[in-house]
Amino acid sequence: MILGVAIDTPLRRIFDYRVSAGQPSPPHGGRVWVPFGRRRVVGIVIEYREHTEVPAGKLRDIHACIDTEPVFDPQLLKLLLWSAEYYRHPVGEVLAAALPAALRAGAPLREELRVWRLTEAGRRQAMTQLSARATRLRSIVEYLAHRDAAPASDILQAAGASMEALHRLAARGFVEWQQPVAETASSGTVHPGPSLNDAQQAAVEHIAACLGGFSALLLQGVTGSGKTEVYMQAIAAVLARTGQALVLVPEIALTPQLVSRFRERFDLPMAVLHSGLSDGERLAAWRQAQLGQVHIVIGTRSAVFAPLPRLGLIVMDEEHDPSFKQQDGFRYSARDLAILRAQRLDIPIVLGSATPSLESLLHARRQPETLLRLPRRAAGAKPPRLSLVDLRNQPQTQGLATATVQAIDRHLRDGGQVMLFLNRRGYAPVMFCPGCGWTAQCRRCDAHLTVHGRGTQLACHHCGNRQVVAELCPLCSTMLKPVGQGTERIEETLGLMFPGVALARIDRDSIRRKGELEAVLTRINDNEVRLLVGTQMLTKGHDFPNVTLVVVLNADQGLFSTDYRASERLAQTIVQVAGRAGRAQRPGEVLIQTEYPDHPLLTKLLTGGYEAFAEGALQERERSGWPPFARIALLRAEAPTPAAAMQFLHAARDAAQAGGLLACAQDTNQSALRGLRLLGPAPAPMERRAGRFRAQLLLQAPSHGPVQKFLAGWLPILETLPASRQVRWSIDVDAQELF
DNA sequence: AGCACGCCGACT
DNA sequence: GTCGGCGTGCTC
């Protein structure tokens, strides 16, 4: 019998192994130990065959089976195999990404029920009575001597012994096993939620009516409209049918507060899955999910692969968030895979957002019955009033326009809280020489160094490189000057303008440890802090009931980007930040500082809100042939020299030409590659990063069929290109950021 | 990615 | 005379 085995390696193929007739054969989707080169690795069986093309001299036997049951159920395995193919990523790495590290390393699938310990006799006499030559037995005793009890797998691994050795010790009365204490089951009740408004009620009823079949529902609710409440009541309906629910959120930062709201409502076993867990915690959560012991799983991106035997509903919160697309390695979109998973399981998925992705809006436009709207804020709070502050015609102090300062002062005196949003951490983005125009650049990136610590330190935000700042210009010895504003400097300026007003800054530099964010948020909600400055961190999900004024300090950054998605991101950010204002009784005000008050993005957003902006953006995308009206993939390359990266991409392009792949694309009749184009290669917008030069080649087609067809023919050729050895290259299907 | 083999510079 | 640099070749 021949097994097709997926191995955690960047090689884009599976490896065939033999299993002899007498050996126990592992299940499909189960793990095996196999010899691989000179290593012994864990692989996952994904094919059973009678024959193989592999020459007999190369074919090897598997070493051992690890599992008697699959680690991935057939549905999940199929989804993973599909993903590997779709994202053109090596299967072994894809399967590894979906498995907790412990299982990747060969840990048992099921938690071991037995723990082994030394008996009293073993503790006193084993070392003296055991033969000096029984090294394995002695090391087991030694291992157990300084701990209470341990599962067999730990003991055997540490002692390098086999189960037989443990049994021999048991026979001599030196060790014994016992069942660990069973966990207490939770009561399994769902507390009633608050009463819903009409829109919420309609949404919950609609979702509940969809249970048991596939539908992709967009829950478009303005910030503060009570989306979480809708999720929870919809989940209650699934639980009532004994189903499991999967809740996906963009960031770990959002999980603690969401989890605590869920725990208050659901007195049921739940699990949390995110990158902040230890290997042991992740393994435990994964096992509980797989055994169906937990009813709800809340997790970040990779939780889309969580094993859930009775999955009945998927909820994806902040569905538009870019962190649902993995940005390195296996570049999957958790959003797209969650929809696919729901479709294959024939269950509904709820995509929630105040600022839906254009993909979701297009889908809702084509199938209006899938759109659920929450147009009003839940607690009867009024929507915030947005206005622009024209930076061209008034004096500013350190990036704060006079009108802005006056507004801040007014809100503070009225007893409100003020939040300032600036997507730029540090003190100043540039260190500049007034004498000769020199600026401090990163040695390894095409970027300015950012000034930190009131001008005492320089740091590169792209490669992490840090250095102490020189006071004088290295060229002309003039005193250097920090130019522009970051959150640190805004904090300093506000401190001088509003002495005595308690101030907090929230960004990656000020929030270092776990729990620090929570602590600051508590101080804010207790009204201890009146002025808040922060980056993205402020925009995501947190509730600030006392904030009455929100200021967006530099909206202009995203207005003229080359990235086709930048304007969508900017609009989403502005609307999300604006949504932080006036969530309780007091009405909110939002000020957006700009040099371009007539820019269509801003005027659309102000007069018609996110929907008007999105409408315009969709028309623009349709006209120019970008997603969601087309599909793209990006071939990225990075190398120690700019020439090497470009050479590889040119070679890749030529190879497509030579292989006839592009000729088909230009053929106007029924070619499978119709309408496909290659654009570039071109250097990345920031060509040099961390000392490596980056370039990209863009693939564009009217639908994903041609993209897939093209990549299937192209990738095997790329692997054989001589130029590929000089570069690190990767393919990004449905790329979201153009480098 | 690992890991080993293999052929040229500064050291016990 | 050896330790060790990373080029290149392979993994069923």
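Quick caveat: nothing in here was measured; it's all calculated off a predicted structure. Just the heavy atoms: all of them, side chains too, but no hydrogens, waters or symmetry mates, feed the values below.
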Trainee: Grab the CD1-P distance between A:Ile62 and C:dC12 for me, whole Å please.
Mentor: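 That distance rounds to 14 Å.
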
Trainee: Could you tell me how far apart A:Ile2 (CD1) and C:dC12 (P) are, to the nearest whole angstrom?
Mentor: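 Computing the A:Ile2:CD1 to C:dC12:P distance gives 13 Å.
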
Trainee: What's the CG-C1' distance between A:Asp8 and B:dG2, to the nearest Å?
Mentor: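 Interatomic distance, CG of A:Asp8 to C1' of B:dG2: 11 Å.
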
Trainee: Closest to the A:Arg13 side chain: B:dA1, B:dC5, C:dC12?
Mentor: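 Nucleotide nearest to A:Arg13's side chain: C:dC12.
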
Trainee: When we call it a touch if two heavy atoms are under 4.0 Å apart, what does A:Ile7 touch: a base, just sugar-phosphate, or nothing?
Mentor: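 If one applies the 4.0 Å heavy-atom cut-off, A:Ile7 turns out to touch nothing in the nucleic acid.
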
Trainee: How about A:His448 and A:His461: are their ring centroids closer than 6.0 Å?
Mentor: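 Centroid separation for A:His448 and A:His461: 6.0 Å or greater.
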
Trainee: Stepwise, does the side-chain contact (heavy atoms from CB on, under 4.5 Å) test hold for A:Tyr332 with A:Arg301?
Mentor: CA-CA 9 Å; A:Tyr332 64 98; A:Arg301 189 173 56 230; 3.4 Å; yes

Trainee: What is the distance from OH of A:Tyr17 to P of C:dC12, rounded to the nearest Å?
Mentor: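 In whole Å, C:dC12 P and A:Tyr17 OH are 5 Å from each other.
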
Trainee: Counting any heavy atom closer than 4.0 Å, what does A:Pro55 reach on the DNA or RNA strands: base, sugar-phosphate only, or nothing?
Mentor: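 Result for A:Pro55 = nothing.
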
Trainee: Taking only the side-chain heavy atoms of A:Arg725 (C-beta and beyond), determine which of C:dG9, B:dA1, C:dC12 contains the nearest atom.
Mentor: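 Output: C:dG9.
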
Trainee: Please check the phosphate of C:dC12 (OP1 and OP2 only) for any side-chain N or O of A:Arg60 closer than 4.0 Å.
Mentor: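 Answer is yes, contact under 4.0 Å.
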
Trainee: Among the nucleotides C:dC12, B:dA4, B:dG2, which one has an atom lying closest to any side-chain atom of A:Asp16?
Mentor: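 Looking only at heavy atoms from C-beta outward on A:Asp16, the closest nucleotide is C:dC12.
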
Trainee: Nearest to the side chain of A:Thr9, which nucleotide is it out of B:dC3, B:dA1, C:dC12?
Mentor: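 Looking only at heavy atoms from C-beta outward on A:Thr9, the closest nucleotide is B:dA1.
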
Trainee: With side chains defined as the heavy atoms from C-beta onward, is the minimum distance between A:Leu337 and A:Phe324 less than 4.5 Å?
Mentor: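 They are not in side-chain contact.
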
Trainee: With a 4.0 Å cut-off, would you call A:Glu719 and A:Arg12 a salt bridge?
Mentor: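 Looking at A:Glu719 and A:Arg12, the cut-off is met.
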
Trainee: Out of B:dA4, C:dC12, B:dG2, which nucleotide sits closest to the side chain of A:Phe36?
Mentor: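 Of the candidates, C:dC12 comes closest.
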
Trainee: Rounding to a whole Å, what distance do you find between A:Glu719:CD and C:dG9:P?
Mentor: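 Those two atoms, CD and P, are 16 Å apart.
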
Trainee: Could you state the atom-to-atom distance from NZ of A:Lys58 to P of C:dG9 in whole Å?
Mentor: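 So the NZ-P distance, A:Lys58 to C:dG9, works out to 14 Å.
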
Trainee: CZ of A:Arg12 versus P of C:dC10: gap in Å, rounded?
Mentor: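 The distance from CZ of A:Arg12 to P of C:dC10 comes to 19 Å, rounded to the nearest Å.
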
Trainee: Round to a whole Å and report the spacing from CD1 of A:Ile46 to P of C:dC12.
Mentor: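 Rounding to the nearest Å, CD1 of A:Ile46 and P of C:dC12 are 16 Å apart.
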
Trainee: Thinking salt bridges, do A:Arg331 and A:Asp734 make one under a 4.0 Å N-O criterion?
Mentor: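 Judged by the 4.0 Å cut-off on N to carboxylate O distance, A:Arg331 and A:Asp734 do not form a salt bridge.
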
